[in-house]
Each structure stands twice: as structure tokens, then as C-alpha cells.
Amino acid sequence: MLTIHTAGLLVTGDRRPALPDGAVLVDGRACAAMGPYEELAAAHPTARVRRWPGLLTPGLLNPYGPELLEQAYHPDPREADELGTRPIVGEALAELALSDTRRGASARRGVQRMLAHGTVAVAGTLTRPAVVDAVYRAGLTQEERFERPESPPSLDPLAGRSLAEAMLLPLPPHGADGWDATFAVFDVPDEAALTERGAGTCVATVVAGRLVHRRR
């Protein structure tokens with residue numbers, strides 16, 4: 001089924017100008033076309049339409065894969081009274097003496113938190129099979145990291161970084177074939193507001209055509 005995702009402003013992530021009322025046409029896992037919503041809707045009248053508020057951008061790369069998924073524990077909501085809701089790291093993490101099962105569950109929750117920030121890829125070497133499996137099942141890609149970033153680990157890929165620095169790849173050029181439909185949508189009016197307010201404004205994340213996060 002064809003699906004059109006449209007937002008108030010589409011940013012490609014390269015030198016192409018931002019497109020008001022821009023849209024992406026998704027066919028399976030592929031980005032079949034991109035352009036003004038009215039044009040895509042007229043050309044594909046039977047396509048399902050998903051309308052999002054704000055800004056549609058390329059998906060983001062979080063550079064802290066090992067730190068957030070292997071060196072932190074993301075508490076289950078049922079543990080909130082005892083452990084809180086923030087990731088647990090350092091000595092407090094060591095005191096938990098986690099089993100592989102709990103580590104795997106933590107990684108899955110961590111991945112969901114990443115998706116809720118527009119993340120479509122993580123950088124850094126992952127060594128625990130349960131973590132690698134959680135990343136793979138979510139559709140995130142793993143990217144090579146040559147050095148550890150100096151800033152503290154954050155679920156927000158835009159913390160201290162611009163969209164140009166944080167995005168994985170620009171949206172595909174016009175007429176390109178074989179590109180996955182991978183992008184994110186943020187409830188902000190423009191790129192400046194996204195930089196100011198951060199990726200916590202994410203309302204939707206699409207990975208290879210799959211809507212893997214939608215703000216309820």
C-alpha cells in the first residue's frame with residue numbers, strides 16, 4: 001500500500017530548499033517520491049495519507065550506542081517507584097547485578113526511547129547479543145564510531161549538535177531508486193526551533209517504511 005507522509009515543512013538535509021507542505025510517498029520500504037503534498041496526492045489518489053504537525057527531516061544518528069544501551073539500565077515502568085525513570089549508570093548500575101534477560105529488556109526500552117527522539121541509527125560497537133538483537137529488531141542501523149564524543153551521553157541526538165551534524169543521511173534526491181523511506185517528524189515550525197527545543201519534540205519516526213514510533 002502506498003502511504004503519503006506530509007508535514008508543514010520538509011527539510012531534505014542537503015542544499016535543496018525547505019519545502020512547505022512537503023510530503024514523502026512510501027511504497028513498502030522504499031521512498032517512491034518526494035515533493036509538494038498536493039502533487040503527490042493528485043498523482044496517487046488511492047494512497048493512505050498520514051498528516052503530521054511540524055517538520056519532516058532525515059532520521060537522526062545517536063552517537064552513544066554503547067553508553068545508552070550497554071552501559072545504562074532503562075527501568076521498567078513498574079520499577080519507577082524503586083528505581084525512578086531515568087537511565088541508571090555507573091556504580092548504581094553495577095549494584096543492580098543485572099541478568100542477561102534484564103539487560104535485553106533494558107535495551108529494548110532504550111531503543112524505544114531512541115525512536116521517540118527520531119533516532120534511526122546508533123554509532124559505536126555493541127557487544128552484548130541481547131542489545132544487538134534489540135537494535136536489529138527495531139530496524140536501527142549500526143554505524144562505525146572512530147572516537148567517543150566529548151559531550152555527556154544523551155537520548156537526544158540534537159543535544160549540542162545541529163540537524164546537519166545529527167542526521168544519518170539526507171532525504172533521497174529526486175528520481176533516485178533504491179532508497180529506504182527513513183525519516184522523522186518533529187512538532188516544531190522550522191529547523192531553528194528544532195535545534196532550540198531538541199529531538200524530544202518527535203511525533204513520528206519511520207524506518208524503511210515502517211512507522212516505528214508515533215506520539216500518542
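Because the structure is predicted, anything quoted here is derived from the model rather than measured.
When hydrophobic clusters are built by joining Ile, Leu, Val, Met, Phe, Trp and Tyr residues whose side-chain heavy atoms come closer than 4.5 Å, directly or via intermediates, V212 is grouped together with V131. Using a 4.5 Å cut-off between side-chain heavy atoms of Ile, Leu, Val, Met, Phe, Trp and Tyr, with links allowed through other members, L168 and L126 fall into the same hydrophobic cluster. Cluster annotation: I4 and L19 are assigned to distinct hydrophobic clusters (Ile/Leu/Val/Met/Phe/Trp/Tyr, side-chain heavy-atom contacts under 4.5 Å, transitive). Residues V203 and V24 share a single hydrophobic cluster, defined by chaining ILVMFWY side chains whose heavy atoms lie under 4.5 Å apart. Hydrophobic clustering, with ILVMFWY side chains joined whenever heavy atoms are under 4.5 angstrom apart, groups V206 together with M34.
Of all the heavy atoms in L155 and G110, the pair that sits closest is CD2-O, 4.4 Å. Across every non-hydrogen atom of L68 and S154, the tightest pair is CD1-O, 3.4 Å. Listed here is the closest heavy atom pair of T119 and L140: O-CD2, 3.4 Å.
Interatomic distance, CG of L2 versus CG of D27, reported as 5.0 Å (0.5 Å rounding). We find the OG1-CG distance between T57 and L10 to be 8.5 Å, quoted to the nearest 0.5 Å. The distance from the CD atom of E196 to the OG1 atom of T201 is 11.0 Å, given to the nearest 0.5 Å. Expressed to the nearest 0.5 Å, how far CG of N62 lies from CD of E143 amounts to 12.0 Å. Note: T205 OG1 to L211 CG = 8.0 Å, rounded to the nearest 0.5 Å. Annotation: the span from L60 atom CG to C202 atom SG amounts to 8.0 Å, rounded to 0.5 Å.
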With a cut-off of 3.5 Å and sequence neighbours excluded, list every side-chain donor-acceptor pair involving residues 41-49.
residue, atom, partner, partner atom, Å
R48, NE, T3, OG1, 3.4
R48, NH2, T3, OG1, 3.2

When the side chains of residues 83-104 are checked against the rest of the protein, which donor-acceptor pairs come out under 3.5 Å, sequence neighbours left out?
residue, atom, partner, partner atom, Å
S99, OG, R102, N, 3.3
R102, NH2, Y73, OH, 3.3
R102, NH2, E79, OE2, 2.9

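Within the 4.5 Å cutoff, the side chain of P58 has no heavy atoms near those of the L169 side chain. Proximity of M167 to L61: side-chain heavy atoms (C-beta onward) are nowhere separated by under 4.5 Å. V111 has its side chain within reach of V135: a pair of non-hydrogen atoms, C-beta onward, lies under 4.5 Å apart. Between P189 and L55, the closest side-chain pair of non-hydrogen atoms is not below 4.5 Å. Using a 4.5 Å heavy-atom threshold, the side chains of P20 and Y37 count as separate. For the pair C31/F183, no side-chain contact is recorded, criterion being any heavy-atom separation below 4.5 Å from C-beta on. Residues R109 and P77 are in side-chain contact: their nearest non-hydrogen atoms beyond the backbone lie under 4.5 Å apart. Using a 4.5 Å heavy-atom threshold, the side chains of L69 and M114 count as touching.
A 6.0 Å sphere centred on CZ of R29 holds no more than 12 heavy atoms belonging to other residues, nucleotides or ligands. For R214, the CZ atom is loosely surrounded, since the number of other residues' heavy atoms within 6.0 Å does not exceed 12.
Donor-acceptor pairing under 3.5 Å is lacking for the side chains of T182 and D180.
By the salt bridge (charged side-chain N to carboxylate O under 4.0 Å, His left out) test, R108 pairs with no residue at all, sequence neighbours left out. The side-chain hydrogen bond (donor to acceptor under 3.5 Å, both in side chains) check on T125 picks up nothing, with sequence neighbours excluded. Remark: F186 engages no residue in a ring pair (Phe, Tyr, Trp, His ring centres under 6.0 Å) (not counting sequence neighbours). For R148, the salt bridge (charged side-chain N to carboxylate O under 4.0 Å, His left out) criterion is met by E67, not counting sequence neighbours.
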What verdict does the side-chain hydrogen bond (donor to acceptor under 3.5 Å, both in side chains) test give for Y136 and T141, after you've listed the backbone C-alpha separation in whole Å, the side-chain angles of each residue and the deciding distance to 0.1 Å? CA-CA 7 Å; Y136 172 79; T141 60; over 6 Å; no

side-chain contact (heavy atoms from CB on, under 4.5 Å) evaluation trace for V122 with Y64: CA-CA 7 Å; V122 295; Y64 297 105; over 6 Å; no

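W52 and H5 have parallel rings, their planes meeting at less than 30° on a 0 to 90° scale where 60° marks the start of perpendicular.
Looking at E70, its side chain does come within 3.5 Å of a backbone N or O of T127 through a donor-acceptor pair.
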